[in-house]
Every structure is written in C-alpha cells, then in structure tokens.
Amino acid sequence: MMNGSTGRRPGGRGRVRAASAALCLFAGALTATAVGASPATALTPPVSITADDLTTWQTNGIVWSMAATNGVVYAGGTFSTIRPPDAAAGTSEQPAVNFAAFDAATGAPTGCSLSFTLSSGTATVRALALSPDGGTLYAGGQFGAVNGVGVSNIAAIDTATCTPRQNFKIAVSATVRALDVTADTVYLAGDFNSVGGQTRSKFAAVSTGASLLPWTADADEVARAVQVTPDGQHVALGGDFFTVNGTTSHALAVVDATTGALTKSYPGFIPNTSTVQDLTTDATGLYTANEGTGGGVFDGRIAIDLDDYQQRWRDTCLGATQAVLVHSGVLFSGSHAHDCASMGGFPDQPRRHLLAQSVDDPTLLPWFPDTNDGIGEPVGPRVMTQTDKGGRHYLWVGGEFTTVNGGGQQGLTRFADGPDTGAPWVPNVSLSTVTPGRIDVNWQTSFDTDDGELTYRIYKDGASTPVHTVTGYSLFWDRPQLKWTDTDVAVGETHSYRITASDGTNTSAKSPAQSATVAAATQAYPARVLSDGATLYWRYDEGTSTFAADTTAGLNNGFLRNGPAYQQTPAAIAGSSTAIGFDGATEYAYSNKLHAQPARFSVETWIKTTTTRGGKVIGFGNLTMQNSSRYDKQVYMANNGRLVFGVYSGGYRTVTTTGAYNDGNWHHVVATQGTAGMALYVDGQLRASNFLYSGNENYPGYWRVGGDNLANWPNRPTSNFFAGQIDETAVYPTALSASQVSAHYALRTSE
C-alpha cells in the first residue's frame, strides 16, 4: 500500500504446456484413491512460465520501466550501473545511467548504451514503449538529455542504431510516468500540465513526428497508466485522478482514441483511497493494478470486459499491486501481497511479490516465485515485460528488490517456459495404529513453487517400487492431509514407510522412514474420542516436521510453527503415544482449514506445565501467521495457574476454575458451549459454568493450540503463549456431556 509508478508494458500471448499433459494429470487424478485427494483442481489453467529464476544482470537501483521486442529487453529507472549475476553491490560494475538493454535469452547486456541525465536533481526513466514495428523506443520520465542530446522528459530512440532521434522533440512540463504507442500516435501519462507549450493536464497525445495532437483527456491528479485497446478505438487511463474532462471518474476511465472524449467513467468503482498503477490488455479484457493507502483500500486486480467495459472479476488481496501482464490466458502481477484471505487465498502470510491468476477467474494459480521488498519505497516488483527468443518465451520483472527466490539479485530478474528445475518439498509423514490390523499412513501435502497438482508415491519397507501412487493439490498456505491405509499387514508386524512428491518433472527426496507396529486391539482412548464425534484430533505423534496429523476422517491437519519440541514422553495417556512441548514464546499450532463460526462446540486437550506466566492453551482466531485480531472460543491459563474459558457474546464472557493446574502434572481440560451455556471441566469434573451464554462471536477462523492473542481478556496472563506440554487435542461440533467428559478422563490409563 505504497505509492509508486511503472512504465507501459505490452500484453501478449504465448505457448502453454501441452494440453495432453494437463489431461494426463486429470486422468491420473481420477484414478486416485487416497483419502483427501482433490482431483478437480487439476483443471485449473496451466501456468507455462516456471518459477525458477534465470541468471540475469543486475542494477544498483530501481527499475521502473521495461519494454521488449525481438529478444531484446530495455530497462529504465533510477540507477547508475549494472553488474553481472551473483556480483555483490559495488563490484564488477559498468556504467548504465538510468537505462540498459539486455539479451532476453542470456540476461546479459547488449551493445546498446544510453545515458539519461538531468542538469540538476535526479534523473529517472519511468516509462518505455516500443512502436508497433519495433523500430522506435519511446522513453518518458524526468530527464533533460539523452547521450547529451537535449530533450524534455520524453525521447525517441532508434533501436537499430541505439541513438536518440533528432526529429522527435517536444517539451513536457513534468515527469512522464507511462506511455503507449500506435503506428502514428504516442500517448503520455504523468504529472505534467503542458505539452508543446499548450495545456494538457496529466494525459496527452503527440504524433510520432512529435506534434501535439488535439486529443484531450485532462485529469485533476497524477496519471500513472495509459493503454490503447487492441482495436485501437479507445484508450484506458489510470492514476490518482477523480475527474477526466470535468466528469467524475476516479482512478480509471476509458476515452476515445481520436478525441479523448469520455467513453466510460467509473465513479465509485474504485475506493477514493486507492489508485490505478498499471494497465494491460489482451484480446477480450482490460486489467488493472491497484494500490491503496489507509483504511478500506483496494490493492488487488480488476478484469474488465472490453466489449462493454464492465467488470469481469476483481480480487481483494491486500498489498499494493504495481504491475500486470497477460500471457497465455494468465494474468501475472507484481505486488507485495500479504493477505488474500477475503478471496480464498493465503490469509496473513509474509508478503508474496509475484502472483498469477486466470484472466477469467481471480483464484490464485500455483505460481509463486518471490522477491523481497527491496529499497526505496519498498514494494518489490514494479514492472513486467515479455518477449520470445530461440523458441522460448521470457518473462522479465524489474523493480526495487534485492533478492529473488531467496538469493541475492537486484533490480532485474527473468523467468521462462522451462526447464522446470525445482523439486517439491519432501512430504511430512505420520503413522497411526489406532485401528487394529492396519497402519494408516498420513502425510501433509507438499509445496512446489509452480505446480499445484503433485504425485505422491509411498514406499514400504525399503522397497524401490511404490506400493501406492496418488495425486493431490496443495498451495503454500493450504497443504491438506492425505491418507492411505495399508491392510496388507499382520498383527505384531513392524513396517516402515517413505513418501516422495513429484511435479511430473522433478521428484523430491524420500521422506525419512517412519515405522509402526500393527496393533492387536483397539486403543480405547482415541476410539472413544472418535466415536463421540471429534472433527479434529491431533495426537502429536509425529517426528520433527511442521505436521500435526488429524486422526479423524476429516483429515483436518495442523501446521506446527517455530519448531515445538516433538515426541515428548511420558504422554498424557498410556500407550506408545507422545506429546508435544511449546516454549511459551513463539511456538504454536493452527488448523490448515478455515472454519465457519462453530455455534456449538467442545474443545478437549491435555496439558502439563509449571509456568507462572500463563498463556493460551487452545482457541479460535482469524489469523495464522501472526496474532489474531479476532479471537474467542478459548481456554487460557492465568499467571496463578487457574484456567479460564471464554467466548465473546456482546462482551467478554468467561468462567474460571478455583483451583490451579500448573503443578507439573497432566490435566484433562474440556470446554463446551451449547444450548445449556458454557462449561469448563478439568480432570473429568465440572469446575466452572455459566448457563446464560450460548452464543459466541461470528467470524471464520482457525483452531490454534499453544498461543494466540489475549489482549483485553479478563485475567490476561503475562504471556499469550503457553509454556508446557500438550497432548490429545480434539474439537467437536457439539457440546460434550458431563458423562462423556468423565468417560474420556477415565480411559487415560486403559491403553
């Protein structure tokens, strides 16, 4: 949500992965039998560009603009040198004053060298656009000379000779931020109020011979984007403005390409707190990049149909979109997106700077290369362009970033339609022997930066041939649990399992071997939890991983954050199970699934602690990667060791035990809410209740264990996070009865 600008970058279409490959994936998904597989997602549009960045020369400053043709990429911005890939800042540099040209296929500079300068102040190239024939490169920004030839914020470069055109000179009174070009017209957008000595407010058009045209589309605030429609009949305008030619139209408008007369206005379409930073088109659509500041902002992307200029879709991600580009039916964007939960995407993860969506649907596609925010006004990517060379298609990204995919890389990076070299993450595996005569193999689906549909192969007892193969769909924030049951076993036998994940080209290493012994009898405690209707049941029997396997049929697995202590013994109940330890500072678990408000519920878990700082044991919150901003339906411990059960229902409604439970022993804790109100049980006995409150706050959220926000709640402890061991956590969609609770507690030693 920070202000910035980008130059014009053309749309375009290119090759996609073979349709037969997608059909094969789908066919494989149809034969999958593992519980939890999601074959329908195999039908999402393929993203032909891989997420693997290619070696590329770097700049020592911000790249604001790019244009590309015939395998050459032109970059403009605010920088003074370029340097080879992997070279540290200040080393191996060569001069490049706000402009450089690169070979699209190698990432290395070409022989085209230009210097954009200003007699006083800082020069910058904010916009680059090529003529349709590629013979002329138009540059806009804030500069007074190109290679010493005097100009006024706009210039034309002959691409064959890499020299300024002497016959294209016209004075523009202030910064040019965006350009688009047809065979005979150059459209300008920026901060200016006069062009060629005549009044033109923020937008203007000049002939390719540098004569001011009568086209008039005056705006009242800064213009940041200009885009001619594919039919050449209209021009889309973007920026900060509130009026165009005196008519209300905030941030976006469409005007006639010949006169500038308003064709489509957008009053109230984009919030007043937001702007349009970039525009691009394909054959049927216009696409916007939006940025906002303050409350109620709109930071995402909008797709608009060109036939009637009405909205096709919009997403509601937060995080200052700066650049958009279309390729093969996919809308690529550069931003610093940090919350896409409102549109079904990632909730509150760290910022993601490069995203992909279908031009027909805002759902995020599985393409997640990443940069950092970088320098200056930290957003990360600022501009995109594309071109073909040698039979390959290249997507270039420029901006203010200093890392790409975790490695040092400043200002520029590029991607191509292959080869795909990145393997998926190694799956996290957990085995369960709750039911006699079988072993349940559970695993957390993996993540691959450019493939959502992955194939999993299970290897048993060290064999080289898999015993089971299945596909599943996952994204970095949504890694659902899959399960396969091995019934080809006998009581008393011990078997080991390893799993790989493959994107069809690259395969992960095998997961570490996990072993289990086939049980002869039903385990009483987990069997009772399941029979009483738990819809989430984490037993914490995993090794070192990020995975809390769910024992229920719902496969409602958890993410374990910040490395809690695994396989703690003795566990809360008898048998071979283990517990997990949380540090009371940063460690916690949260459910992979986002849940609607549970009107009736029970939470159950075992705890063991000696803390005097308190902390949340279990609760319901709206965020996953940071403390929630909405949170209730929770059990927490006060500093004195007493347990508090609370919901929000027109106020903070809590019940509290009279006894303390920070004595270093295992304690069974159950909190319920139903038509009979609130009840808190400890060690099988009702310890506190209130029949008055049967409602709780309505918001979607995640179940969290071990820590979350407790601000403003009664008897708030020193710590939001619980220091101690936790075991056998279960959630139910009903209020357990007192007899059910006491029965669970009684089974603690019966394994």
Side-chain angles (χ1 to χ4, degrees), residues 1-6 9 11 44-45 47 224-225 227 236-240 250-253 266 268-282 285-305 309-327 329-371 373 377-384 397 399 475-478 594 623 700:
M1 290 184 252
M2 304 182 73
N3 292 327
S5 305
T6 61
R9 68 288 291 139
T44 55
V47 180
R224 300 186 182 276
Q227 177 76 51
L237 313 177
D240 301 4
H250 174 54
L252 179 67
Y266 292 92
F269 185 67
I270 294 172
N272 286 348
T273 53
S274 298
T275 64
V276 169
Q277 297 290 310
D278 190 26
L279 296 166
T280 196
T281 61
D282 62 7
L286 169 69
Y287 308 92
T288 74
N290 304 273
E291 171 186 284
T293 302
V297 301
F298 174 60
D299 277 344
R301 279 112 355 231
I302 302 174
I304 295 171
D305 288 323
Y309 294 107
Q310 299 298 318
Q311 177 177 296
R312 179 188 303 168
W313 57 256
R314 75 168 64 194
D315 70 48
T316 51
C317 290
L318 295 176
T321 307
Q322 302 296 308
V324 285
L325 179 146
V326 177
H327 168 61
V330 174
L331 179 68
F332 294 93
S333 60
S335 67
H336 62 194
H338 55 84
D339 187 351
C340 293
S342 60
M343 53 165 286
F346 54 91
D348 56 319
Q349 305 280 343
R351 293 178 171 186
R352 307 295 300 198
H353 298 82
L354 294 168
L355 300 176
Q357 297 158 290
S358 167
V359 295
D360 298 316
D361 188 312
T363 303
L364 297 179
L365 298 177
W367 186 76
F368 298 107
D370 202 20
T371 73
D373 284 344
E377 302 175 27
V379 170
R382 291 283 186 178
V383 62
M384 294 177 166
V397 179
L475 301 163
F476 70 86
W477 72 92
D478 183 15
L594 177 70
L623 301 179

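No experiment lies behind these values; they were computed from the predicted model shown.
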remark   = Nearest heavy-atom contact between Leu365 and Ser358 is CD1-N, 3.6 Å
ask   = Looking only at atom types and distance, does a side-chain atom of Asp339 sit under 3.5 Å from a main-chain N or O of Asp348, one as donor and one as acceptor?
value = no
query = So do the side chains of Phe298 and Phe269 get within less than 4.5 Å of each other, counting heavy atoms only?
reply = no
key: Rounded distance (nearest 0.5 Å) linking atom CG of Leu279 with atom CZ of Arg224   = 12.5 Å
inquiry  = Minimum heavy-atom separation for Tyr287 and Val359, please, with both atom names.
reply    = OH-CB, 3.3 Å
ask   = Between Val297 and Gly292, what is the shortest heavy-atom contact and its length?
value = CG1-C, 3.6 Å
key: Pairwise side-chain contact, Pro347 with Leu594, heavy-atom cut-off 4.5 Å (strictly under)   = no
ask   = From Arg312 CZ over to Asp361 CG, what is the distance, rounded to the nearest 0.5 angstrom?
value = 11.0 Å
key: Heavy-atom pair of closest approach, residues Asp370 and Arg351   = OD2-O, 3.5 Å
message = Minimum heavy-atom separation for Thr371 and His353, please, with both atom names.
response = O-ND1, 2.7 Å
query = Rounded to the nearest 0.5 Å, how far apart are OH of Tyr266 and OG1 of Thr288?
reply = 9.5 Å
task = Taking the side chain as every heavy atom from C-beta outward, state whether Met384 and His327 have any pair of such atoms under 4.5 Å apart.
result = no
query = Of all heavy-atom pairs between Pro378 and Asp373, which one has the smallest distance, and what is that distance?
reply = CB-CB, 3.6 Å
Spacing of CG belonging to Leu237 relative to CD belonging to Gln227, to within rounding of 0.5 Å = 11.0 Å
inquiry  = Keeping His250 on the side-chain end and Thr273 on the backbone end, is there a donor-acceptor pair under 3.5 Å?
reply    = no
inquiry  = For Phe332 and Trp367, take the angle between the two ring planes, folded into 0 to 90°, and tell me which bin it lands in: parallel under 30, tilted 30 to 60, perpendicular over 60.
reply    = perpendicular
key: Side-chain heavy-atom pair Pro381, Leu354 within 4.5 angstrom cut-off   = yes
Polar side-chain atom of Arg301 near backbone of Thr321 as donor-acceptor pair, under 3.5 Å = no
ask   = Are the side chains of Met343 and Thr316 in touch, meaning some heavy atoms are under 4.5 Å apart?
value = yes
note = Separation between CG (Leu252) and CG (Leu286), nearest 0.5 Å, reads 6.5 Å
remark   = d(Leu318 CG, Ser342 OG) to nearest 0.5 Å is 6.5 Å
key: side-chain contact (heavy atoms from CB on, under 4.5 Å) between Val330 and Gln357, intermediate numbers included   = CA-CA 6 Å; Val330 174; Gln357 297 158 290; over 6 Å; no
query = Taking the side chain as C-beta and beyond, is there a heavy-atom pair between Ile270 and Val276 under 4.5 Å?
reply = yes
request  = Report yes or no: do Asp299 and His336 form a side-chain donor-acceptor pair below 3.5 Å?
outcome  = no
request  = Answer yes if the side chains of Gln311 and Arg314 hold a donor-acceptor pair under 3.5 Å, and no otherwise.
outcome  = yes
